[in-house]
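Here the structure is laid out as structure tokens; the discussion comes afterwards.
The chain is numbered in sequence order, starting from 1.
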Amino acid sequence: MKRIHKYLTLFMVLLLTISMTAACTPASGEESPGTGNVEEPAAQEPAEDSAKMRVGLLMDGPINDQGWNATAFAGLERIREDLGAEIAYSESVSVSDMEET
């Protein structure tokens, strides 16, 4: 019985090692990091107003609830500051009206 347990454990470790190796291997046709030719990143053009990111937030309560809505609004403000996105929000929107809003 101990011999079977020993071989079963060894088999499970081997199976786990093979599956982890397969999961970490890039798919065929892809290059793994650090291989192939290194290209310089293309210079990015400044975003135009038409391509400016727009983010909206619908909340089911007030933004000053000191909970989920306040945290979500703080995140929305941070998106505006850090990423320069155009933001909009609506507070105290009922769940049934969210899709229409």
Sequence neighbours left out, what passes side-chain hydrogen bond (donor to acceptor under 3.5 Å, both in side chains) with Asp82? Give chain and number order.
->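 side-chain hydrogen bond (donor to acceptor under 3.5 Å, both in side chains) list for Asp82, sorted by chain: Arg78.
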So which pairs with a foot in residues 91-101 pass salt bridge (charged side-chain N to carboxylate O under 4.0 Å, His left out), sequence neighbours left out?
->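 Salt bridge (charged side-chain N to carboxylate O under 4.0 Å, His left out) check on residues 91-101 returns no pairs.
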Identify the two heavy atoms, one from Ser92 and one from Pro62, that lie closest to each other, and give their separation to 0.1 Å.
->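 Smallest heavy-atom distance, with atoms named: OG-N, 3.7 Å.
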Contacts of type salt bridge (Lys or Arg N to Asp or Glu O under 4.0 Å), residue Glu77, not counting sequence neighbours =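 Once residues adjacent in sequence are excluded, the partners of Glu77 under the salt bridge (Lys or Arg N to Asp or Glu O under 4.0 Å) criterion are Arg80.
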Please go through Val93's hydrophobic cluster and name the other residues, only I, L, V, M, F, W, Y counting, with side-chain heavy atoms under 4.5 Å joining them.
->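 The other cluster members (ILVMFWY side chains, heavy atoms under 4.5 Å, direct or chained) are Leu58, Met98.
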Leu57: hydrophobic cluster co-members (side-chain, 4.5 Å) =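 Grouped by the 4.5 Å side-chain rule, Met53, Val55, Met59, Ile63, Phe73, Leu76, Ile79, Leu83, Ile87, Tyr89 form the rest of the cluster around Leu57.
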By side chain to side chain contact (heavy atoms under 4.5 Å, CB included) - contacts of Ser96 (at least two apart) =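 Result, side chain to side chain contact (heavy atoms under 4.5 Å, CB included) vs Ser96: Ser94.
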Side-chain donor or acceptor of Asn69 paired with backbone N/O of Asn64 under 3.5 Å |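 Between the backbone of Asn64 and the side chain of Asn69 there is no qualifying donor-acceptor contact (under 3.5 Å).
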